[in-house]
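Along the sequence shown, the residues carry numbers beginning at 1.
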Amino acid sequence: MSKINGKVVVITGASSGIGEATAKLLASRGAHVVIGARRVERLEALASLIEAERGSVAYQQLDVTNIDQMQTIIHLAQSRFGRVDVVVNNAGVMPLSPLEALKVDEWNRMIDVNIRGVLHGIAAGLPVMKEQRSGHMINVASIGAYEVTPTAAVYCATKYAVRAITEGLRQEVGGNIRVTLVSPGVTESELAESISDDEARELMKSYRRDALPASAIARAIAYAIEQPEDVDVNELVIRPIAQLA
């Protein structure tokens, strides 16, 4: 039997891309998935699909920049399934642009979702895991947590921050709580649709020619979860073979 079977997994940004693929895969392997995202109609459709396949799911509209909403989805998982085994902090935005474009609102949005959203997931989920004396915090970063490219300075800065936060959390919690950083390379998602800068949008079109399916990242997340409880997979970097940098 899969070690994923019966685990209660909260997934943010679950209405599309990596979050959606992860919810489908983990539910198919017997997890109770609790999914959150801003687009509730997409969550409803995903929940219906999972239930049609006899999976176990609950959902809630979620803006990860709101700590109260993040705490509410953790409480939903507890009340519905009795515990929280895994939190996948996946929600993110990527409106790339050159710094000289001065898209300050977009910078702030990336900081709010990509950094504060992860911190809110930790703030809501960690006390529950500490009380249980078990749990697994999985933070989704990016290849942008390891390198910086033109038009992506602020985005990469937020992902470097996620990497630093994740490593700090790993060192602090120790013991019974596992911590994993998952850093996808070029992956099929809706992230590029938030790019308002024409130059950055065109660069991203060519960059994404050899993108991985979101299911590849979902399998990496499942791999980290299904390890024995005394094994902590700290970092996973997943690239398409064709992505050299």
**Message:** According to a hydrophobic-cluster definition based on side-chain heavy atoms being under 4.5 Å apart (Ile, Leu, Val, Met, Phe, Trp, Tyr only), do L49 and V57 belong together?
**Reply:** no
**Message:** For the backbone of G36 and the side chain of T12, can you confirm whether one donor and one acceptor N or O come within less than 3.5 Å of each other?
**Reply:** no
**Message:** Check whether N90 reaches the backbone of G13 with its side chain - one donor and one acceptor, N or O, closer than 3.5 Å.
**Reply:** yes
**Item:** The single option from N89, V86, V233 passing side-chain contact (heavy atoms from CB on, under 4.5 Å) against I138
**Value:** V86
**Item:** Salt-bridge contact E229-K7 (side-chain N to carboxylate O under 4.0 Å)
**Value:** yes
**Asked** Should we count CD of E51 as having more than 12 external heavy atoms under 6.0 Å?
**Response** yes
**Message:** Between R178 and V231 (side chain of the first, backbone of the second, donor and acceptor by atom type, cut-off under 3.5 Å), is there such a pair?
**Reply:** yes
**Message:** Whether the side chain of Q61 engages the backbone of R38 through a donor-acceptor N/O pair (distance < 3.5 Å, no angle test) should be reported.
**Reply:** yes
**Message:** Is the shortest side-chain heavy-atom distance between I74 and V87 below 4.5 Å?
**Reply:** yes
**Complete:** side-chain hydrogen bond (donor to acceptor under 3.5 Å, both in side chains) test vs T180 passes for just one of H136, E235, Q227, namely H136
**Prompt:** Between E167 and R170, is there a salt bridge with N-O shorter than 4.0 Å?
**Reply:** yes
**Prompt:** Is the shortest heavy-atom distance from the side chain of S183 to the side chain of I143 under 4.5 Å?
**Reply:** no
**Message:** Determine whether a donor-acceptor pair (N or O, by modelled atom type, separation under 3.5 Å) exists between the side chain of Y160 and the backbone of Y146.
**Reply:** yes
**Item:** Side-chain donor or acceptor of R163 paired with backbone N/O of A145 under 3.5 Å
**Value:** yes
**Asked** For Q69, does its backbone N or O pair with a side-chain atom of Q60 as donor and acceptor, under 3.5 Å?
**Response** yes
**Message:** Determine whether a donor-acceptor pair (N or O, by modelled atom type, separation under 3.5 Å) exists between the side chain of T22 and the backbone of E20.
**Reply:** no
**Item:** Contact check, side chains of M110 and P95, non-hydrogen atoms, under 4.5 Å
**Value:** yes
**Request:** Taking the side chain as every heavy atom from C-beta outward, state whether I225 and K3 have any atom pair closer than 4.5 Å.
**Result:** no
**Asked** Is there side-chain contact between E226 and I4, with at least one heavy-atom pair below 4.5 Å?
**Response** yes
**Expected output: side-chain N114 to main-chain K159 donor-acceptor under 3.5 Å** = no
**Message:** Taking the side chain as everything from C-beta on, heavy atoms only, tell me whether W107 gets closer than 4.5 Å to L102.
**Reply:** yes
**Prompt:** Going hydrophobic residue to hydrophobic residue with side-chain gaps under 4.5 angstrom, can you get from Y223 over to I11?
**Reply:** yes
**Asked** Can you find a side-chain donor-acceptor pair between R29 and S2 that sits under 3.5 Å?
**Response** no
**Prompt:** Just wondering, do L76 and Y59 contact through their side chains at under 4.5 Å, heavy atoms?
**Reply:** no
**Asked** Is there a donor-acceptor pair closer than 3.5 Å between any side-chain N or O of Q132 and the backbone N or O of S134?
**Response** yes
**Message:** Can you confirm whether L25 sits close enough to S215 that some side-chain heavy atom of one is under 4.5 Å from a side-chain heavy atom of the other?
**Reply:** no
